[in-house]
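We name chains A, B, ... by the order of the sequence lines, and we start the count at 1 in each one.
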Amino acid sequence: MPELPETETIARDLDAALRGAVIDAVTVVRGDVLREATAAAFVRVVRGSRITSVNRRAKSIVVALQSHFLVVTPRFTGALLLTEPADDRYTCLHLALADGRTLRYHDIRRLGTVALHDAARHAAWDSALGPEPLDLALDADAFWHALRSSRQAIKTLLMDQRKLAGVGNIYANEALWRAGIRPTRAGKSLRRLEVGGLLDALRAVLTESIALRGTTFRDFQDAYGVRGGFAAKLAVYGRGGQHCHRCCTPLRATHRLAGRQTVWCATCQR
DNA sequence: AGGGGAACCCGTACGC
DNA sequence: TGCGTACGGGTTCCCC
């Protein structure tokens, strides 16, 4: 479930730890996590290359090499680990660094992916994604325009990576509760003022979660195997049937909206 | 075009 | 207790 705050946590740690590191040896243990490259091509490109930076885009960690990019999308159980995992059976990729450290891509359920991009492919991938919510270049007017053409539910739109990058189920639920907006409202029904409030709420919850190194609901761990601290701060996600922190009404929960867990307060979300 | 649904994967939860 | 099955979850791909 790593969304924006969780992948941001991983990327910041890895950037500090890996900038300038050289990858000496590559072992592909579970080749089915690879995308856009065969195991042989992956080894050929990655072996001997230097890591120039590590960043985040949407819910992916982007490891920049000299000429290529590794785009790691952990999905539910994927992790980029600098420490020895508790169970090495789930190591999919093993990168030995010249300084003696090891970077592993570890994934129990293997729905996560590691793609290899050259510069042109990476630019195309990047341009297909929507704006970053924490980028101040995205203003409420632009966001309002992006939403007002759609009949889809606002919660579905928040999670549409072409419209906005990095927001998944947890933070979509949380931002809508904070903004007092019902998840099922059609995008085009939102007024300009409501969209401004929603963007403010979204930025606040993402920023607070990053400060606590993300939400570990079940599986998320950072590069050192440590859990995030934001789960205790969640107002609605995973709290169906419990009381709303604002008005004490029992929170409603459904899976009907795009098949995902949606939790909201029918009293204070309109 | 835009939206809906299946596939991907396997640990966990649950039923018998 | 032990086995079998349903489920979840984001993205991609396919189809209507």
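- Read 5' to 3', the first and last nucleotides of DNA chain B with an atom closer than 4.0 Å to a heavy atom of chain A are B/dG3 to B/dT12.
- Residue A/Arg35 is the one, among A/Arg35 and A/Ile108, whose nearest nucleotide of DNA chain B lies closer to the 5' end (criterion: closest heavy atom).
- Here A/Val62 is tied into one hydrophobic group with A/Phe69, A/Val71, A/Trp125, A/Leu129, each link being a pair of ILVMFWY side chains closer than 4.5 Å.
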Please list each protein N or O that sits under 3.5 Å from an N or O in nucleotides 10-13 of chain C, with the distance.
| unit_1 | atom_1 | unit_2 | atom_2 | d |
| --- | --- | --- | --- | --- |
| C/dG10 | OP2 | A/Arg260 | NE | 2.5 |
| C/dG10 | O3' | A/Lys59 | NZ | 3.2 |
| C/dT11 | OP2 | A/Lys59 | NZ | 3.2 |
| C/dT11 | O4' | A/Arg75 | NH2 | 3.1 |

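- Annotation: side chain of A/Ser60 is not in contact with side chain of A/Val72 (no heavy-atom distance under 4.5 Å).
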Mind listing the side-chain donor-acceptor pairs of residues 41-56 of chain A below 3.5 Å, one per line with the distance, residues two or more places apart or on another chain?
| unit_1 | atom_1 | unit_2 | atom_2 | d |
| --- | --- | --- | --- | --- |
| A/Ser49 | OG | A/Val46 | O | 2.6 |
| A/Arg50 | NH1 | A/Gly20 | O | 2.8 |
| A/Thr52 | OG1 | A/Ala64 | O | 3.1 |
| A/Ser53 | OG | A/Asn55 | ND2 | 3.3 |
| A/Arg56 | NE | A/Glu8 | OE1 | 2.7 |
| A/Arg56 | NH1 | A/Ala58 | O | 2.8 |
| A/Arg56 | NH1 | A/Glu132 | OE1 | 2.9 |
| A/Arg56 | NH1 | A/Glu132 | OE2 | 3.4 |
| A/Arg56 | NH2 | A/Glu132 | OE1 | 2.9 |

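- At a threshold of 4.0 Å, the pair A/Arg104-A/Asp88 counts as salt-bridged, since one of the basic side-chain nitrogens sits closer than that to a carboxylate oxygen.
- Side-chain atoms of A/Arg239 come within 3.5 Å of backbone N or O of A/His243 as a donor-acceptor pair.
- Considering only residues two or more places apart in sequence or on other chains, A/Arg121 meets the salt bridge (charged side-chain N to carboxylate O under 4.0 Å, His left out) condition with A/Glu36.
- Through direct or relayed side-chain contacts under 4.5 Å between Ile, Leu, Val, Met, Phe, Trp and Tyr, A/Ile108 connects to A/Tyr90.
- Taking CD1 from A/Ile61 and CD from A/Glu6, the interatomic distance works out to 10.5 Å, rounded to the nearest 0.5 Å.
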